[in-house]
Structure formats: C-alpha cells, structure tokens
Amino acid sequence: MLNIRLPEKLERQLEEEARRSDRSRSEVARDALAFYLRIHRRRRYIERLKQAAALLAEAEARALADEALPLDNEALAVAEAPSAFADGDKWWA
C-alpha cells in the first residue's frame, strides 16, 4: 500500500482524469506510475546501449589507427629522409 500527498494542482488533474476515464483515482495513479517506471527503464536501457556503442566505436577507431600506424610511420620516414636534391640541385634542371 502506498499513500502519497499530492500538490493541489496534481490532485485536481488526477481527479479530472479519473472522472473522464470513468476509473478510480487509484487506477489512474497506478497506470501513471507504471507508465513512468516503464519509460525510465527504457531510457536507462537506451543510455546503456549508447555507452556500449561508444565503447565499440572507440575500440574500432583504435584498431584502425593501430592498423594505419605502420603506413603513417613509413610515409613520415620518406618525407623526413634526406633529399637527393639537398645540395641545392633542382629536380627540374
């Protein structure tokens, strides 16, 4: 059993909904509470799914970076290697 105090405005809304739907205030409150709990459970589930997806995306990005690292290092080595034209010769000459 649950007893709760409601602000006047909320109590009037509950009373109005009960009257409109031809149900008791307890039924309306039970349905509203069940709906609220279901929505929040879904939101927590979706948040956990988002977190898991972010971790997977992070792991995939890290794997791709690890895969590309040797090629990046090779390109850097080529770019930093002494040029055959370092003595001032022009390749177009």
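- Under a 4.5 Å side-chain heavy-atom cut-off, the cluster of Ile, Leu, Val, Met, Phe, Trp and Tyr residues that includes Y45 is completed by L49.
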Would R12 and E16 satisfy salt bridge (Lys or Arg N to Asp or Glu O under 4.0 Å), going step by step from the backbone distance to the final call?
CA-CA 6 Å; R12 281 194 311 271; E16 185 178 315; over 6 Å; no
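- Atom CG of D22 is surrounded by 12 or fewer heavy atoms from other residues, nucleotides or ligands within 6.0 Å.
- Partners of S26 by side-chain hydrogen bond (donor to acceptor under 3.5 Å, both in side chains), not counting sequence neighbours: none found.
- Atoms CG and CD1, from L10 and I4 in turn, are 7.5 Å apart once rounded to the nearest 0.5 Å.
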Apply side-chain contact (heavy atoms from CB on, under 4.5 Å) to E11 and R25, showing your working.
CA-CA 9 Å; E11 191 168 355; R25 292 181 333 160; 3.3 Å; yes
Check the pair R43, E47 against salt bridge (Lys or Arg N to Asp or Glu O under 4.0 Å), reporting the backbone distance first and the verdict last.
CA-CA 6 Å; R43 285 181 181 165; E47 188 57 38; over 6 Å; no
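- Cluster annotation: I46 and I39 are assigned to distinct hydrophobic clusters (Ile/Leu/Val/Met/Phe/Trp/Tyr, side-chain heavy-atom contacts under 4.5 Å, transitive).
- Atom CD of E17 is separated from atom CZ of R19 by 10.0 Å, given to the nearest 0.5 angstrom.
- For R23, the side-chain hydrogen bond (donor to acceptor under 3.5 Å, both in side chains) test picks out S21, D31, with sequence neighbours left out.
- Q13 meets the side-chain hydrogen bond (donor to acceptor under 3.5 Å, both in side chains) test with no other residue; sequence neighbours excluded.
- Residue pairs meeting the ring pair (Phe, Tyr, Trp, His ring centres under 6.0 Å) criterion with at least one partner in residues 13-34, sequence neighbours excluded, are absent.
- To the nearest 0.5 Å, the span separating CG on L14 from CD on E27 amounts to 11.0 Å.
- For R41, there are no side-chain hydrogen bond (donor to acceptor under 3.5 Å, both in side chains) partners two or more places apart in sequence or in a different chain.
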